[in-house]
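A, B, ... follow the sequence lines: proteins, then strands. Residue 1 opens every chain.
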Amino acid sequence: MDGDASDVEDDNFEWNTEDELEINDFSLPSRSSLTLPNGEAVGEASSSAGPSNCKLIDHFIGMGFSKKMVAKAIQENGEENTDSILEALLTYSALESSPQRQHHNDSDHCSLECEGSFLDDFSDIDSCSDNEKIMNTEFDEEEKLSSLVNMGYTVDEASLAIDRCGVDSSLVELTDFICAAQMANVADAQLSELPLEVQPKLKHSYSEYAKHKKRKLSDYEMWTKNNQNGFEKRLLHDDDETIRLPNPMIGFGVPTEPCSTIHRTLPEAAVGPPFFYYENVALAPKGVWTTISRFLYDVEPEFVDSKYFCAAARKRGYVHNLPIQDRFPLLPFPPQTIHEALPLTRKWWPSWDRRTKLNCLQTCIGSAKLTERIRKALEDYDCEPPLSVQKYVLDKCRQWNLVWVGRNKVAPLEADEVEMLLGFPRNHTRGGGISRTDRYKSLGNSFQIDTVAYHLSVLKDMFPGGINLLSLFSGIGGAEVALHRLGIPLKNVVSVEISEANRNILRCWWEETNQRGNLIDLADVQQLNGDRLEQLMSSIGGFDLVVGGSPCNNLAGSNRLHRDGLEGKESALFFDYFRILDLVKCIMTKAQ
DNA sequence: TTAATTATGAATACGTAG
DNA sequence: CTACGTATTCATAATTAA
């Protein structure tokens with residue numbers, strides 16, 4: 001279907017360790033949160049080489065796990081990989097023994113089930129038919145239901161899955177069904193209620209999903225083959241295929257370091273129309289960017305730090321299918337140092353604070369108590385404080401982006417200063433009933449305009465008459481502002497944003513800037529189905545560009561509590577970006 | 001009720017000494 | 001090569017104030 005042949009060679013190599021990474025992704029958290037009694041058995045289990053199926057089952061039953069669990073774990077992980085089997089068993093035990101953790105582990109479990117289901121696809125290649133029998137004969141409907149609920153799925157999800165897949169389906173098939181629905185974030189009920197002519201288009205997303213599964217499968221085969229050949233050590237420790245952040249983080253070039261002689265060739269499936277532009281935090285948990293890139297048609301992410309565009313750092317990854325030659329920056333070039341951006345701080349800036357750039361502008365600011373502690377720590381010294389005090393103050397200043405506003409006085413940035421640093425017009429987020437707290441939050445979640453505009457600048461010559469834009473997770477309208485400042489007319493903009501305050505901000509900007517085009521704003525990406533999309537696209541003539549930065553809060557390092565990765569509650573909305581983009585591609589292709 | 005304030009680590013990457 | 005120290009990070013939730 002797509003141009004597999006062009007990227008086969010590097011794929012084979014990369015996929016091996018991607019599986020490895022994903023296995024680590026769910027094994028590490030579960031291991032660290034467990035205190036199960038079978039610690040010493042790990043070595044024994046991993047060194048026992050490929051016993052027959054019965055022996056293998058007995059082996060784990062002897063360790064105290066139930067027969068059901070063991071069969072399931074073997075079926076999902078294959079009988080080769082005893083480590084993975086053990087990890088799975090420990091995970092199941094944790095889920096069963098601590099019900100209050102079930103919801104928390106829900107997402108982890110989902111990825112585990114998905115991974116297992118990939119392996120399940122070729123279970124007939126191996127000799128897992130024994131397990132299949134066990135699974136199917138010993139589980140009646142009630143047992144399956146309670147098993148699924150025990151695994152953290154809701155009763156509704158579980159019964160729906162049994163209903164759709166039939167009572168004869170294996171647990172793996174059932175969890176795979178639930179997982180597929182979750183991954184695409186399309187409720188099954190919603191799908192079946194849609195008009196018949198729309199369903200094939202929605203199902204296209206599932207076919208994409210299936211395609212990825214298939215590719216993972218073949219790579220898993222590769223991986224096990226290499227294991228048998230004794231290459232596992234090299235492969236396990238060879239992290240060539242882990243997506244590496246560039247150092248310096250300048251992507252395919254920044255205005256001061258153009259390095260624009262290179263010409264990249266996109267995978268065939270990635271070529272537009274439409275153009276697409278996806279953004280998220282660069283420093284996400286391991287494996288996240290590999291997954292994002294796989295879903296977005298294997299396009300290599302472009303990692304850029306906005307400190308090359310303005311006075312504040314902002315390390316972000318961008319996956320897009322835009323040309324990268326002949327980019328140009330917005331003019332005037334914004335202030336590049338703290339002193340240029342905030343001239344009044346210069347008078348009070350101590351010589352021992354050598355910062356010239358701010359750190360990432362976030363959604364929260366430092367407390368008054370903290371700045372008071374810093375003032376107290378400094379007031380005893382006439383000129384230079386001792387090195388230990390300097391270190392304390394500098395650490396806190398860097399951590400909270402504090403600037404010098406008086407003698408021994410530091411303070412967090414004002415909201416309008418953040419606005420300016422990010423490249424938005426003054427007062428863009430001010431007024432209109434938004435609280436100061438929410439203003440910081442909206443700004444902290446936004447694009448850096450100069451950075452994004454640099455990437456989008458190549459569209460100017462291609463669309464002199466303006467563009468139709470689909471903007472998902474619009475926030476305060478970073479994409480719209482960037483295009484406007486580039487002088488690219490906005491013909492029709494469909495903007496999807498959950499926050500009403502943010503929608504109001506964009507609407508106000510739209511009217512203040514006397515836009516000639518048409519702004520349609522929607523609230524929820526999950527409500528944007530193929531039917532509605534086709535309506536919109538037929539009325540405006542398709543989209544030229546699909547922009548979106550999906551929620552990062554489950555990926556960002558600042559999140560102490562719910563840094564759950566791409567399966568996290570909000571960050572999983574990435575799959576809606578993919579779903580909608582894929583629908584747009586499908587509809588555009590059909591209309592061609 | 002909303003808004004403001006505050007305390008709350010860890011995952012990850014990278015440099016360097018050994 | 002590893003071990004260890006340093007630096008960075010689109011945040012959450014409990015509590016208090018208004």
Inset, instruction - Output the residues of residues 302-319 of chain A in contact with DNA chain C, where contact means a heavy atom of the residue under 4.0 Å from an atom of the strand; sort by number or write none. - result: A/A313, A/R314, A/K315, A/R316
Inset, instruction - Using a strict cut-off of less than 4.0 Å between a Lys/Arg side-chain nitrogen and an Asp/Glu carboxylate oxygen, indicate whether A/E372 and A/R375 qualify as a salt bridge. - result: yes
Inset, instruction - Please check the phosphate of B/dT2 (OP1 and OP2 only) for any side-chain N or O of A/S435 closer than 4.0 Å. - result: no
Legend entry - A/N559 vs B/dA11: side-chain N/O to OP1/OP2 distance below 4.0 Å: no
Inset, instruction - Could you tell me the separation between the CZ atom of A/R436 and the C1' atom of B/dT6, rounded to a whole number of Å? - result: 15 Å
Legend entry - Cationic N near anionic O, under 4.0 Å, A/E480 to A/R503: no
Legend entry - Sugar-phosphate, base or nothing in reach of A/S571, heavy atoms under 4.0 Å: nothing
Inset, instruction - Round to a whole Å and report the spacing from CG of A/D395 to C1' of C/dT8. - result: 11 Å
Inset, instruction - Check DNA chain C against residues 352-379 of chain A and give the residues with a non-hydrogen atom under 4.0 Å, in numerical order. - result: A/N359, A/C360, A/Q362, A/T363, A/C364
Legend entry - All pairs passing salt bridge (charged side-chain N to carboxylate O under 4.0 Å, His left out) where residues 504-513 of chain A contributes a residue, at least two apart: A/R507-A/D521
Inset, instruction - Taking the six-membered ring for Trp and the full ring for Phe, Tyr or His, determine whether the centres of A/Y278 and A/F574 are under 6.0 Å apart. - result: yes
Legend entry - With A/W348 via ring-ring contact (aromatic ring centres under 6.0 Å, His included) - residues at least two apart: none
Legend entry - For A/W289 against A/Y318, the heavy-atom pair lying closest together: CH2-N, 4.3 Å
Inset, instruction - Check whether any side-chain N or O of A/S558 sits under 4.0 Å from OP1 or OP2 of C/dA11, and answer yes or no. - result: yes
Inset, instruction - Kindly express the pairing pattern of DNA chain C in dot-bracket notation, using | wherever a base pairs with another strand and counting only Watson-Crick or G-U pairs under 3.5 Å. - result: |||||||||.||||||||
Inset, instruction - Taking all non-hydrogen atoms of both residues into account, name the closest pair between A/K357 and A/C310 and its distance. - result: NZ-O, 2.9 Å
Legend entry - Neighbours of DNA chain C within residues 440-457 of chain A, by heavy-atom distance under 4.0 Å: A/G444, A/N445
